[in-house]
Student: 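Below is one structure. I have some questions about it.
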Amino acid sequence: DGQREVLAVGKAAKAMLGRTPRNTDWLTHNFEPWRSALKLPKPHSPELDDPAVLHYPLWLTARRIMRAGHWPLWNPQILCGTPLLADTMCNPFDPVNLATLPLPDDVAWGLMILMQFVIAGWGAYVFMRGQGLCRVAGIAAAVCFMLNGFFIVWMELKFVVACFCWLFWMLWAVDRAAATLKLRWALLAGIFYAFAVFGGNLHHLLNFTLLADPRQGEDNTPVRTNPF
């Protein structure tokens, strides 16, 4: 477990230097001319091909279209053209992606991954403090959430962490809305949910919705009364 956390910190440092955390070892091992010319060992994760051949190219295409001043509606580079905005793999309107749009692509990709982990940990800390826990407990919850195994394994699939990093922020806003009955907190919860919608795909959004359902803790068992 400790090795995973060290690896995550190392990748974050590389991200800040513009070295993109992407599984190019899979690409160079399976495609020519790199396969014959380099003769590299097998990739660390032989089955994780999606970031190199799908997610990063789609994300890069969407960014370049947006920087050219156009809506990322259509991808002209595949077949005779395919829908791009409807493809939930690129997520061009993810707020973290929009925040890094002016940056170079390699720096932006790594920085987005780092920002998602920071957002996740910060949200867990804020939520736990709102529940009355001490600062140490809040920090422990933040570290455990932002470095959980699910995030570490799927960090290169950007839309996975991009969806769930807003979970505790939404729970915090829902909790505040229930406690104060103020409309602004309900609206804030809706904004955090929209961030998850723009950042993730439908599969993970469904899981996010189930986890964020404030009714989970309620006892919905019907009350039976004795009529006699």
Side-chain angles (χ1 to χ4, degrees), residues 11-12 14-38 40 42-117 119 151 153-166 190-209:
K11 286 194 173 185
K14 288 182 179 180
M16 300 304 292
L17 296 174
R19 300 177 61 185
T20 310
R22 191 169 68 251
N23 59 328
T24 51
D25 58 343
W26 186 95
L27 196 65
T28 54
H29 179 77
N30 289 281
F31 286 89
E32 300 293 351
W34 306 286
R35 182 174 182 176
S36 300
L38 300 178
L40 297 173
K42 290 184 178 180
H44 294 289
S45 182
E47 297 181 358
L48 189 62
D49 59 337
D50 294 4
V53 300
L54 179 62
H55 301 142
Y56 185 79
L58 288 175
W59 170 83
L60 192 60
T61 299
R63 280 176 64 86
R64 289 175 176 174
I65 292 174
M66 293 173 71
R67 280 206 293 257
H70 305 291
W71 291 95
L73 303 176
W74 190 255
N75 182 4
Q77 300 181 4
I78 301 177
L79 302 174
C80 293
T82 58
L84 183 59
L85 186 59
D87 190 328
T88 58
M89 298 294 113
C90 63
N91 310 107
F93 299 125
D94 174 13
V96 179
N97 178 54
L98 293 177
T100 59
L101 195 60
L103 300 177
D105 296 324
D106 287 344
V107 174
W109 178 266
L111 187 59
M112 279 196 307
I113 293 176
L114 179 60
M115 289 173 64
Q116 289 167 358
F117 277 76
I119 290 169
F151 281 10
V153 169
W154 298 110
M155 74 157 61
E156 292 175 291
L157 300 185
K158 183 183 70 67
F159 58 84
V160 176
V161 187
C163 181
F164 287 101
C165 69
W166 300 105
I191 291 173
F192 288 137
Y193 186 78
F195 287 169
V197 171
F198 287 128
N201 65 7
L202 296 179
H203 172 197
H204 295 96
L205 182 62
L206 173 61
N207 294 332
F208 177 93
T209 304

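Along the sequence shown, the residues carry numbers beginning at 1. Keep in mind that the numbers below use all heavy atoms, side chains included, and drop hydrogens, waters and symmetry copies.
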Student: Per the salt bridge (charged side-chain N to carboxylate O under 4.0 Å, His left out) rule, what does the pair list look like for residues 198-207, sequence neighbours excluded?
Tutor: none
Student: Write down the atom of Asn75, the atom of Leu84, and the distance for their closest heavy-atom approach.
Tutor: N-CB, 3.8 Å
Student: How long is the gap from CG on Asn207 to NE2 on His203, to the nearest 0.5 Å?
Tutor: 4.5 Å
Student: Can you run down the salt bridge (charged side-chain N to carboxylate O under 4.0 Å, His left out) pairs that involve residues 70-85, sequence neighbours left out, and say none if there aren't any?
Tutor: none
Student: Can a donor-acceptor pair be found, under 3.5 Å and without considering hydrogens, that links the side chain of Thr82 to the backbone of Ile78?
Tutor: no
Student: Any chance you could measure Cys163, atom SG, to Tyr193, atom OH, to the nearest 0.5 Å?
Tutor: 8.0 Å
Student: Suppose we screen for side chain to side chain donor-acceptor pair (under 3.5 Å). Which residues come up paired with His204, at least two apart in sequence or across chains?
Tutor: Asn201
Student: Return the set of residues passing side chain to side chain donor-acceptor pair (under 3.5 Å) with Arg64 (not counting sequence neighbours), or none when no residue passes.
Tutor: none
Student: Return the set of residues passing side-chain contact (heavy atoms from CB on, under 4.5 Å) with Ala162 (not counting sequence neighbours), or none when no residue passes.
Tutor: Asp94, Gln116
Student: Please table the atom pairs, donor to acceptor, closer than 3.5 Å between any side-chain atom in residues 95-104 and protein atoms at least two apart or in another chain.
Tutor:
{"residue": "Asn97", "atom": "OD1", "partner": "Trp59", "partner atom": "NE1", "Å": "2.9"}
{"residue": "Asn97", "atom": "OD1", "partner": "Arg63", "partner atom": "NH1", "Å": "3.3"}
{"residue": "Asn97", "atom": "ND2", "partner": "Pro92", "partner atom": "O", "Å": "2.8"}
{"residue": "Thr100", "atom": "OG1", "partner": "Val96", "partner atom": "O", "Å": "3.3"}
{"residue": "Thr100", "atom": "OG1", "partner": "Asn97", "partner atom": "O", "Å": "3.1"}

Student: Which residues pass the ring-ring contact (aromatic ring centres under 6.0 Å, His included) test with Phe195, not counting sequence neighbours?
Tutor: Trp166
Student: From Leu205 CG over to Phe198 CZ, what is the distance, rounded to the nearest 0.5 angstrom?
Tutor: 11.0 Å
Student: What residues form a side-chain contact (heavy atoms from CB on, under 4.5 Å) with Asp87, not counting sequence neighbours?
Tutor: Leu58, Met89
Student: Output the distance between atom NE2 (His55) and atom CG (Leu60), rounded to the nearest 0.5 Å.
Tutor: 14.0 Å
Student: Describe, in one word, how the ring planes of Tyr56 and Trp109 are oriented to each other, choosing from parallel (under 30°), tilted (30 to 60°) and perpendicular (over 60°).
Tutor: perpendicular
Student: Any pair with a residue in residues 69-91 that passes ring-ring contact (aromatic ring centres under 6.0 Å, His included), sequence neighbours left out, goes on the list, sorted by first then second residue, please.
Tutor: Trp71-Phe93
